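What follows is a set of notes on a single structure, which appears directly below.
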Amino acid sequence: MRTRALFMSVACIAALPAFFASGVAAAGPDIVTRDVDRFYAIYDAAGGAPTADQLQKDYLGEASAGLLRFSEMRTITGERIAQALQKNPGMYRDARHCADTLPAVRVRLGAALDELARIYPPARLPPVTIAIGRGK
């Protein structure tokens, strides 16, 4: 349960700065999860221990706009993610179960944001990014 809360905290933290930014999404919010898929592709290819260079080049180097902004704000680097992986490999292994729920999360989050827009029409709903970070 702690891992799920941590994963969702990372997701929500990544989304909050963008929520108050400009850029209304007319057809509802775009919920971006491709960074999670890419992280776990890299993770799996490296047997659960990707190098800092792999994470920097293949994960952060190919980041969505939301992950890029979040990584700049929180000084997330491939080196720092690799260090977090070494210190707490179980967190990343267990977070994969959360990643498996992303299709349902996208539906629920989309519905919640649509409801927010309904009850507060001035709300701006820019893209929301769900990504893997350092676990902070």
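In this text the structure is predicted, and so the values were computed from the model without any measurement. One-based numbering along the sequence shown.
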- prompt: Is it true that R38 and D35 make a salt bridge, defined as a side-chain N closer than 4.0 Å to a carboxylate O?
  reply: yes
field: Qualifying residues under side-chain contact (heavy atoms from CB on, under 4.5 Å), relative to R106, sequence neighbours excluded
entry: I31, T33
statement: Given the options Y40, F39, Y43, Y59 meets ring pair (Phe, Tyr, Trp, His ring centres under 6.0 Å) only with F39
field: Residues forming a salt bridge (Lys or Arg N to Asp or Glu O under 4.0 Å) with D44, sequence neighbours excluded
entry: R96
message: Would the distance check show the side chain of R74 and the main-chain N or O of R134 forming a donor-acceptor pair, the cut-off being under 3.5 Å?
response: no
message: To the nearest 0.5 Å, what is the distance between CG on L55 and OG1 on T77?
response: 9.0 Å
- prompt: Using a distance-only test with no angle check, is there a side-chain donor-acceptor pair under 3.5 angstrom linking S64 and R34?
  reply: no
Closest heavy-atom pair and its distance - D100, P103: O-CD, 3.6 Å
- prompt: Does the pair R69 and E72 meet the rule for a salt bridge (charged side-chain N to carboxylate O under 4.0 Å, His left out), with working shown?
  reply: CA-CA 5 Å; R69 183 169 181 199; E72 290 169 353; over 6 Å; no
- prompt: What closest approach, in Å, do A123 and L116 show between heavy atoms, and which atom pair accounts for it?
  reply: CB-CG, 4.2 Å
- prompt: Should V107 and V36 be counted in the same cluster of Ile, Leu, Val, Met, Phe, Trp and Tyr side chains packed under 4.5 Å apart?
  reply: no
statement: Between Q54 and A46 the two heavy atoms that sit nearest each other are OE1-CB, 3.9 Å
- request: Find the distance between CE (M91) and CG (L85) and round it off to the nearest 0.5 Å.
  value: 7.0 Å
- prompt: Do you reckon I132 sits in the same ILVMFWY cluster as V32, going by side-chain contacts under 4.5 Å, direct or chained?
  reply: no
message: When you measure from the side chain of R80 to the backbone of T75, do you find a donor-acceptor pair of N or O atoms at a distance under 3.5 Å?
response: yes
query: Should L68 and V128 be counted in the same cluster of Ile, Leu, Val, Met, Phe, Trp and Tyr side chains packed under 4.5 Å apart?
result: no
field: Hydrophobic cluster identity match, I42 and L60, side-chain contacts under 4.5 Å
entry: yes
query: Sequence neighbours excluded, which residues qualify as side-chain hydrogen bond (donor to acceptor under 3.5 Å, both in side chains) partners of E62?
result: none
task: Would you indicate whether the side-chain heavy atoms of V105 and R108 approach each other to under 4.5 Å?
output: yes
field: Shortest non-hydrogen contact between P50 and A82, atoms and distance
entry: O-CB, 4.3 Å
- prompt: Hey, quick one: are L109 and I119 part of the same hydrophobic cluster, counting side-chain heavy atoms closer than 4.5 Å, chains of contacts allowed?
  reply: no
query: How many angstroms lie between CZ in R93 and CG in N88, if you round to the nearest 0.5 Å?
result: 8.5 Å
